[in-house]
Amino acid sequence: MYFHRDYLDAVRTGQKTTTVRFRDPIATGPVNMVFELDEEVVLQGVVTQIISKKVDELTEQDAIADGFRDLGELHDRLRYHYPNIVPADDIAIVQFRLADA
């Protein structure tokens, strides 16, 4: 599961425990979380649950679990990562945790 470099610290500290994905099939279970830096960083994780929603059904709680200040910031980042996304699109909220050391 690939992540933008901006999210590495939030994942490491547990501030980010979900990721919203659009047209990116992911299954529950063990996963490599790959962060795209100059030197790729890979953390071992586990996808614990996947919840399907429409973009316009996202909540403030969804945004906070995803490491954002509020729903507006989450929507801004979704438009950044997925420029063609619209409120009626189906998305997946992927809940994850770091794997036990």
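Within the 4.5 Å cutoff, the side chain of Leu8 has heavy atoms near those of the Val41 side chain. At a threshold of 4.5 Å between non-hydrogen side-chain atoms, the residues Phe35 and His4 do not count as touching. Looking at Ile50 and Thr28, their side chains come closer than 4.5 Å, going by heavy atoms from C-beta outward. By the 4.5 Å heavy-atom criterion applied to side chains, Ile91 and Arg23 are not counted as neighbours. By the 4.5 Å heavy-atom criterion applied to side chains, Arg97 and Thr17 are not counted as neighbours.
By the criterion of side-chain heavy atoms lying less than 4.5 angstrom apart, applied directly or through intervening Ile, Leu, Val, Met, Phe, Trp or Tyr residues, Tyr82 is grouped together with Phe3 in one hydrophobic cluster. At a threshold of 4.5 Å between side-chain heavy atoms, the hydrophobic network of Ile, Leu, Val, Met, Phe, Trp and Tyr places Val31 and Phe96 in one connected group. The hydrophobic cluster containing Ile26 does not contain Val46, counting ILVMFWY residues as joined when their side-chain heavy atoms lie under 4.5 angstrom apart, directly or transitively. Cluster annotation: Leu58 is connected to Ile85 through the hydrophobic network of ILVMFWY side chains, with a link wherever side-chain heavy atoms come within less than 4.5 Å. Both Val11 and Leu37 are members of a single hydrophobic cluster when ILVMFWY side chains are connected at heavy-atom separations under 4.5 Å.
Distance check, rounded to the nearest 0.5 Å: CZ of Arg12 to CE of Met33 gives 10.0 Å. One finds the CG atom of Asp56 at 9.5 Å from the CG atom of Asp89 (value rounded to the nearest 0.5 Å). How far CD1 of Ile51 is from OG1 of Thr18: 8.5 Å, rounded to the nearest 0.5 Å. Expressed to the nearest 0.5 Å, how far CG of Asp66 lies from CD of Gln61 amounts to 13.5 Å.
Contacts classified as side chain to side chain donor-acceptor pair (under 3.5 Å) and involving residues 46-55 (residues at least two apart or in different chains) are given here: Lys53-Asp62, Lys54-Asp90.
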Name each donor-acceptor pair under 3.5 Å that joins a side chain in residues 72-79 to protein atoms two or more places apart or in another chain, with its distance.
from  : atom 1 : to    : atom 2 : distance (Å)
Glu73 : OE1    : Arg69 : N      : 2.7
Asp76 : OD1    : Arg79 : NH2    : 2.5
Arg77 : NE     : Tyr7  : OH     : 3.0
Arg77 : NH2    : Asp6  : OD2    : 3.3
Arg77 : NH2    : Tyr7  : OH     : 3.3

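Considering only residues two or more places apart in sequence or on other chains, Gln44 meets the side chain to side chain contact (heavy atoms under 4.5 Å, CB included) condition with Asn32, Val42, Ala99.
The neighbour count for Phe22 CZ, taken as heavy atoms of other residues, nucleotides or ligands under 6.0 Å away, is above 12.
Looking at Glu60, its side chain never comes within 3.5 Å of a backbone N or O of Asp70 through a donor-acceptor pair.
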Problem set entry | side chain to side chain contact (heavy atoms under 4.5 Å, CB included) between Met1 and Val34, worked out | CA-CA 6 Å; Met1 182 165 62; Val34 180; over 6 Å; no
